[in-house]
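Below: one structure, written as structure tokens.
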Amino acid sequence: MTDARTLLRCFLRTYLVGAAFNTRGLQNVGIVYAMEPGLRAIYPDPKQRRDARKRYLKHYNTHPFWTPLLVGTFLSLEALIARGKAPPEMLTTLKDTTTYTLSAIGDSVFGGSFLVFWSLTTTCMLVANLHWAALCWTGLLFLSLQAFKLFTFAAGLRGGLKVLNMLRNWDLINWGERLKLANAVVLVILLYEVWPGAHPQYAWERPGELAWGLASAGLCLAGWVLARFHLSRIILFFILALVAAAVPMLTGYFSSGI
């Protein structure tokens with residue numbers, strides 16, 4: 001279909017998909033820029049290439065981490081369209097449905113789970129003065145993310161529409177929910193590290209240890225409630241805020257009564 005250099009240019013251009021973000025087409029200019037080297041190789045005829053380019057100038061938006069996979073898949077379909085083995089409408093349907101589905105999954109798994117886990121674990125290491133561990137951990141996760149992008153680009157390029165079955169088997173939504181629960185645990189650890197006062201030999205010897213325990217238990221409970229009942233985080237926040245405001249008032253009331 002295309003040579004390795006052209007494919008590499010397409011892959012590297014996916015990192016700039018948001019560079020020309022606009023309110024009309026969102027990431028449409030960026031996706032055209034990423035597809036351009038591949039379209040030039042697939043469609044030597046300028047008119048056919050212009051028609052193919054128009055398919056991407058319409059509204060397009062998805063999570064940036066999925067752009068390599070989509071570009072690879074789009075190139076695979078464009079090769080089929082150029083050989084007359086697939087209608088152009090197939091790509092339009094794919095672009096108008098899959099991109100938004102992947103956008104929602106990306107926001108949940110990457111934006112709401114993975115990146116939060118990355119930042120929380122790194123912060124825990126920095127607070128514990130494990131600076132080299134934090135640097136190595138961040139470098140490892142960063143390289144893993146780039147490997148993920150390269151792998152999905154190649155999978156979309158080789159598999160075409162079959163890559164959607166691969167994503168379905170990954171069950172990313174449930175993995176994202178599990179990672180959010182892990183984030184709640186890491187947040188408890190971070191809360192313990194930054195809690196005012198030195199850490200004594202025995203936890204119960206430090207004033208405020210009970211408050212830390214209650215706050216940590218409440219945080220874990222909140223994470224479980226969100227995952228189990230899918231309650232709105234705003235509603236849960238207001239409930240916790242009311243409880244936090246009521247506890248000192250009730251404590252003062254009973255203390256004055258005694």
Check: Thr62 main-chain N/O paired with Gln27 side-chain donor or acceptor under 3.5 Å: yes
Gap between atom CD1 of Ile105 and atom OG1 of Thr98 - 0.5 Å precision: 9.5 Å
Any donor-acceptor pair under 3.5 Å from Gln146 side chain to Phe142 backbone: yes
Check: Tyr43 and Glu78 side chains under 4.5 Å, non-hydrogen atoms: yes
Phe21, CZ atom: more than 12 neighbouring heavy atoms under 6.0 Å: yes
Enclosure of Arg158 CZ (heavy-atom neighbours >12, cutoff 6.0 Å): no
Nearest heavy atoms of Cys124 and Ile189, plus distance in Å: SG-CG2, 4.3 Å
Spacing of Leu172 atom CG and Leu179 atom CG [to the nearest 0.5 Å]: 11.0 Å
His59 and Arg24, any side-chain heavy atoms less than 4.5 Å apart: no
Thr14 side chain reached by Lys149 side chain, heavy atoms, under 4.5 Å: no
Test item: Leu157 and Leu7 side chains (from C-beta on) under 4.5 Å apart, heavy atoms: yes
Thr138 side-chain N/O to Ala134 backbone N/O, donor-acceptor pair under 3.5 Å: yes
Leu141 reachable from Leu130 in the ILVMFWY side-chain graph, under 4.5 Å edges: yes
Heavy-atom closest contact (Phe153 atom, Pro68 atom, distance): CD1-O, 3.1 Å
Shortest non-hydrogen contact from Leu75 toward Gly38: CD2-CA, 3.8 Å
Candidate pair Leu70 and His63, rule side chain to side chain contact (heavy atoms under 4.5 Å, CB included), full reasoning: CA-CA 10 Å; Leu70 289 171; His63 195 283; over 6 Å; no
Note, Pro87 side chain near Ile81 side chain (heavy atom, < 4.5 Å): no
Heavy-atom side-chain contact between Arg13 and Pro37 under 4.5 Å: yes
Neighbour count >12 (heavy atoms, 6.0 Å) for atom CH2, Trp175: no
OG-OH distance between Ser103 and Tyr60, expressed to the nearest 0.5 angstrom: 9.0 Å
Cluster overlap Leu26 with Phe110, hydrophobic side-chain contacts below 4.5 Å: no
Carboxylate-amine/guanidinium proximity below 4.0 Å for Arg49 and Asp45: no
Non-hydrogen side-chain atoms of Val71 and Phe11 separated by less than 4.5 Å: no
Minimal non-hydrogen separation, Ser108 against Ser113, with atom names: O-OG, 2.9 Å
Common cluster, Val186/Val116, ILVMFWY with side-chain heavy-atom separation under 4.5 Å: yes
Single-linkage hydrophobic cluster, 4.5 Å side-chain cutoff, Leu69 and Leu12 together: yes
Distance flag, aromatic centroids of Tyr56 and Phe74, threshold under 6.0 Å: yes
Aromatic centroids of Trp66 and Phe148 separated by under 6.0 Å: yes
Salt-bridge contact Arg53-Glu36 (side-chain N to carboxylate O under 4.0 Å): yes
Steps toward side chain to side chain contact (heavy atoms under 4.5 Å, CB included) verdict (Asn61, Asn28): CA-CA 7 Å; Asn61 190 54; Asn28 62 336; over 6 Å; no
Any donor-acceptor pair under 3.5 Å from Thr123 side chain to Ser119 backbone: yes
His131 side chain reached by Leu135 side chain, heavy atoms, under 4.5 Å: no
Common cluster, Trp132/Trp137, ILVMFWY with side-chain heavy-atom separation under 4.5 Å: no
